[in-house]
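Data first, discussion second: the structure below is written as structure tokens.
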Amino acid sequence: MMDMEGVEDTVRCEDCGSRNLDLDDKRGEITCLDCGLVLQEAIVDQGPDWRSFDEGGDNARTGAPMNVMMYDKGLSTDVDWQNKDYSGKRLPGTTRAQFHRLRKWQARARVSKHLDRNLSVAFNEIQRMGGNMGLPKSVREEAAVYYRRAVDNNLIRGRSIDAMAAACLYLANQKIGSARSLDDMVKGTRVGRKPLTRSYKILKKTLRLRLNPVEPEVYVNRYCTELGLRPEVESKVKELIKGGRKRDLVDGRSPTGVAAAAVYIAAKLEGQPRTQREIADISGVTEVTIRNRYKEFCAAMNIELE
DNA sequence: AAATTAGGTTACGCGAC
DNA sequence: GTCGCCAAACCTAATTT
């Protein structure tokens, strides 16, 4: 039933059969332009995990899960086919009509159940992983949108949900600039580096995503915060990176390395020095790399440290 | 703590298979 | 899709200043 060519050729409006559909990235909706039916929504919100996970973690929950990100959008109760109420009496005509509509909507929600289940699991994963490494809600929402588009483009079959979910998170993270490196992702998701990057590439390619290359500036705020540096240091860091970019010391190098080195220099210049080791620990960049970068900077920009 | 050195590893684009 | 190749950027580890 599904063919390999992507959403335009395969998805029709469930109500009127029109192929005239509109995909709204921002809101994550697919809307039929002919009848106005919203086919798919990325309903994303924070909520407690309700799936059990193998390794520890706090999966405790109180009360019913919020009906967010549920694969069937909360229509989880069946509507009885008989036109009778709970006591067996026949329903009056108007009520029957209402139930007819209910059934219709329910059938609709069932159409692509297997895909929706996949989405359900994936959304949970995105929530869990994202929450795990403290990614803001906006990133997780964006990731969910990407995942749904991955499903729409038949990218899921034969790939692990976890890897794809992690890849979506990584993409969203880059788009929004939440300052997580690939290393951070690997650590925070327990998805291997290989499958993660593989899914990431496929996703990026087939969705034709154009992302700005990650700039070192993205990491500056986080590094400074984690090192307890004053705001002045932070602006000094950005200044340094700017200068470095002019002198071609930035492009082609790993943004984390450049950021880490600039932080090292700025911290020292501003009288709030941190050791290379400290910076290496929080940034995941080795001391050696920090040294290489910061020496390049000093040499090219006539910076004297002491 | 910082620097140096040596040697191994990864990412990436691309073409071949 | 995977493999092999490339060079540069990075890494680890040991040692010295």
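In what follows, chains carry the letters A, B, and so on, assigned in the order in which the sequence lines appear, proteins first and then strands, with residues in each chain numbered from 1. Computation of the quantities below employed the complete heavy-atom set of this structure, encompassing side-chain atoms and omitting hydrogens, waters and symmetry-equivalent molecules.
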Atom CD of A:E287 and atom P of B:dA3 are separated, to the nearest Å, by 10 Å

Separation between CG (A:L169) and OG (A:S178), nearest 0.5 Å, reads 8.5 Å

A:K204 atom NZ is separated from B:dA11 atom P, nearest whole Å, by 14 Å

Atom CG of A:N292 and atom P of B:dA3 are separated, to the nearest Å, by 10 Å

- [ ] Spell out, as yes or no, whether a donor-acceptor pair under 3.5 Å connects the side chain of A:T197 to the backbone of A:K194.
- [x] yes

Which of B:dA2, C:dC11, B:dT10 is nearest the side chain of A:R193? It is B:dT10

Quiz item: Would a distance-only check, ignoring hydrogens and angles, find a side-chain to backbone donor-acceptor pair under 3.5 Å from A:R140 to A:L135?
Solution: yes

Under a 4.0 Å heavy-atom criterion, the protein footprint on nucleotides 12-17 of chain B, written with B, S and -, is ------

So, OP1 or OP2 of C:dC10: does either fall under 4.0 Å of a side-chain N or O from A:T286?
no

note: A:I290, atom CD1; C:dC10, atom P; distance rounded to Å ~ 12 Å

note: A:R274, atom CZ; B:dA1, atom P; distance rounded to Å ~ 13 Å

The complete set of ring-ring contact (aromatic ring centres under 6.0 Å, His included) pairs with one or both residues in residues 170-213 of chain A, sequence neighbours excluded, reads A:Y170-A:Y200

Sequence neighbours excluded, the answer for side-chain hydrogen bond (donor to acceptor under 3.5 Å, both in side chains) partners of A:Y146 is A:E142

Task: Donor-acceptor contact below 3.5 Å, side chain A:R180 vs main chain A:M133 - done: yes

The reported gap from CD in A:E278 to OH in A:Y264 (rounded to nearest 0.5 angstrom) is 10.5 Å

Practice problem: Give a yes or no on whether the backbone of A:L211 and the side-chain of A:Q174 come within a donor-acceptor separation of less than 3.5 Å. | Solution: no

Worksheet item: Reckon A:Y294 has a side-chain N or O less than 4.0 Å from the OP1 or OP2 of B:dA2?
Response: no

Rounded to whole Å, CZ of A:R291 lies from P of B:dA1 at a distance of 11 Å

Q | A:I161 and A:Y147, any side-chain heavy atoms less than 4.5 Å apart | A | yes

Can you give me the N/O atom pairs linking the protein to nucleotides 1-9 of chain C at distances under 3.5 Å, or say none if there are none?
none

Checking all strands, does A:G158 fall into the base, sugar-phosphate, or nothing category for heavy-atom contacts under 4.0 angstrom?
nothing

Taken to the nearest whole Å, OH/A:Y170 to P/B:dA11 is 10 Å

Interatomic distance, CD@A:E232 vs SG@A:C224, rounded to 0.5 Å, equals 10.5 Å

- Query: Touch check for A:V288, heavy atoms < 4.0 angstrom, all strands: base, sugar-phosphate only, or nothing?
  - Reply: base

So, with a heavy-atom separation below 4.0 Å from DNA chain B, the residues of residues 175-189 of chain A are none

Just by distance, do the side chain of A:D184 and the backbone of A:S181 share a donor-acceptor pair under 3.5 Å?
-> yes

Contacts of A:R198 meeting side-chain hydrogen bond (donor to acceptor under 3.5 Å, both in side chains) (sequence neighbours excluded), chain-then-number -> none

Taken to the nearest whole Å, CZ/A:R277 to P/B:dA3 is 14 Å

